[in-house]
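Notes follow once the structure below has been shown.
Counting begins at 1 with the first residue of the sequence. Computed from a predicted model, the values in this text were never measured in an experiment.
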Amino acid sequence: MSDLLYEKKDKIATITLNRPDKLNAFTGAMIDAWAKSLAEAQGDPDVNVVIVTGAGRAFCAGGDVARMGQGEPTQLDHKNMLWEGVHRVPKTLETLDKPVIAMVNGLAVGAGMGMTVMCDVRIAAQSARFSTGYVRVGLVPVDGGTFLLLLLVRLARSLEGRLTAVFIAALEGLPLGIVQRVVPDAELRDATYAFARQIADGPQVPVRMIKRLVYQSMKLDLRTHLDLVSSHMAIVRQTEDHKEGVAAFKEKRAPKFQGR
């Protein structure tokens, strides 16, 4: 079986990390397939939402530690390996305007935790645990999670986790913002797909604009943000989904959006 699975159904694309015997620790080939799957989802008009999850009892244990230390790459080679390899996933996610949900079914460690932080929403099984992990093997975080985790939790808690690599239970991660929902393990799949379908069935032009606006607002001053918002509003008011939403409101019925 492939180390990474990509499936589509009901406007939802599911990316499954599929090395359960290795806790879904990723390889270079998996990273390539991961980035390509995200890019495919972005360009596919039949995909409105992306879900990322892991097979077995882990979401992702990060890079495959068992393969570390093999060969002696130069410092430049190693930097390029990260920039052109592992970093393809966060760089692709940054440009993907379709909502991405991490369905965290178990352990998320090192870059595995970093990859959950890069998603827009995290829904975790109650047994899920998170750890930055890197310091345990004498490394620093390289996945982009250091940058993004600060947006989710306070500086002190972020630094505490980075310096100790302590595990954070799913329920502990809820008030910190690391996860948005925690559900019983047996309900994880149904809860995640129900949430994804709610988004996938919505008006997709404003859904994607909202995602872009939220992320862009972190880099813009208020005046620039408001200027951007006014431009987006002028566009969405002309869509068929807006007309349908208004009609449904007036007729006191559920709207039937085009879904793309």
Side-chain angles (χ1 to χ4, degrees), residues 1-7 12-31 33-35 37-38 41 49-67 86 88-90 92-93 96 99-134 136-137 141-146 148-149 152-153 161-162 165-174 176-196:
M1 295 181 65
S2 172
D3 287 345
L4 186 139
L5 307 178
Y6 182 81
E7 303 168 278
I12 300 168
T14 302
I15 297 172
T16 304
L17 311 180
N18 191 39
R19 295 183 75 208
D21 57 321
K22 300 295 184 181
L23 301 181
N24 300 317
F26 57 74
T27 63
M30 284 177 70
I31 288 292
W34 196 340
S37 295
L38 290 170
V49 181
V50 178
I51 291 175
V52 183
T53 192
R57 63 189 181 93
F59 176 81
C60 178
D64 193 339
V65 177
R67 299 191 180 195
V86 175
R88 289 179 61 197
V89 172
T92 303
L93 280 168
L96 200 156
V100 182
I101 303 168
M103 183 167 70
V104 189
N105 54 300
L107 289 173
V109 181
M113 178 178 177
M115 297 302 187
T116 70
V117 174
M118 294 168 201
C119 296
D120 303 305
V121 175
R122 287 148 294 282
I123 301 178
Q126 195 165 351
S127 63
R129 294 195 299 160
F130 301 80
S131 173
T132 56
Y134 289 96
R136 293 181 183 271
V137 290
V142 297
D143 50 61
T146 305
L148 292 162
L149 192 60
L152 299 179
V153 300
R162 294 291 173 183
V166 65
F167 279 93
I168 300 171
L171 285 172
E172 294 177 311
L174 192 59
L176 295 176
I178 293 175
V179 297
Q180 281 64 59
R181 300 185 185 185
V182 178
V183 299
D185 291 21
E187 299 176 17
L188 177 63
R189 184 176 181 85
D190 288 345
T192 302
Y193 277 90
F195 180 74

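To the nearest 0.5 Å, atoms CG (Asn105) and OG1 (Thr16) are separated by 9.0 Å. Once rounded to the nearest 0.5 Å, the distance linking OG1 of Thr53 with OH of Tyr193 reads 7.5 Å. Distance OG/Ser37 to CE/Met30: 10.5 Å, rounded to 0.5 Å. In this structure, OG1 on Thr116 lies 12.5 Å from CD1 on Ile123, to the nearest 0.5 angstrom. For the atom pair CG of Leu176 and CD1 of Ile168, the computed distance is 6.0 Å after rounding to the nearest 0.5 Å. Rounding to the nearest 0.5 Å gives a distance of 13.0 Å between CZ of Phe59 and CG of Leu23.
Across Leu174 and Arg181, no two heavy atoms sit closer than the pair CD1-N, 3.8 Å. Here the closest heavy-atom approach between residue Val104 and residue Leu188 is recorded as O-CD2, 3.6 Å. Closest approach of Ala125 and Ala170 over heavy atoms only: O-CB, 3.4 Å. Heavy-atom minimum distance, Ala41 versus Ala13: CB-CB, 4.5 Å. When all heavy atoms are compared, the tightest approach of Leu17 to Leu4 is CD2-CD1, 3.8 Å. Closest approach of Ser131 and Ala165 over heavy atoms only: OG-O, 2.7 Å.
Between Leu107 and Phe167, some side-chain heavy-atom pair lies under the 4.5 Å cut-off. Looking at heavy atoms from C-beta onward, Val100 lies out of side-chain contact with Met118 at the 4.5 angstrom threshold. The closest side-chain heavy-atom distance from Thr192 to Phe195 is not below 4.5 Å. Using a 4.5 Å heavy-atom threshold, the side chains of Phe26 and Val89 count as separate. Put simply, the side chain of Met115 does not reach to within 4.5 Å of the side chain of Val52, judged on heavy atoms.
With hydrogens and angles disregarded, no donor-acceptor distance shorter than 3.5 Å links the side chain of Thr14 to the backbone of Glu7. A distance-only check finds a donor-acceptor pair linking the side chain of Gln180 to the backbone of Arg122 [under 3.5 Å]. Judged purely by atom type and a 3.5 angstrom limit, Asn18 uses its side chain to pair as donor or acceptor with the backbone of Ser2. No donor-acceptor pair under 3.5 Å is formed between the side chain of Arg19 and the backbone N or O of Asp3. Distance alone, capped at 3.5 Å, is enough to place a donor-acceptor pair between the Glu172 side chain and the Ala169 backbone.
Shown here is Arg88, whose CZ atom has more than 12 heavy atoms of other residues, nucleotides or ligands within 6.0 Å.
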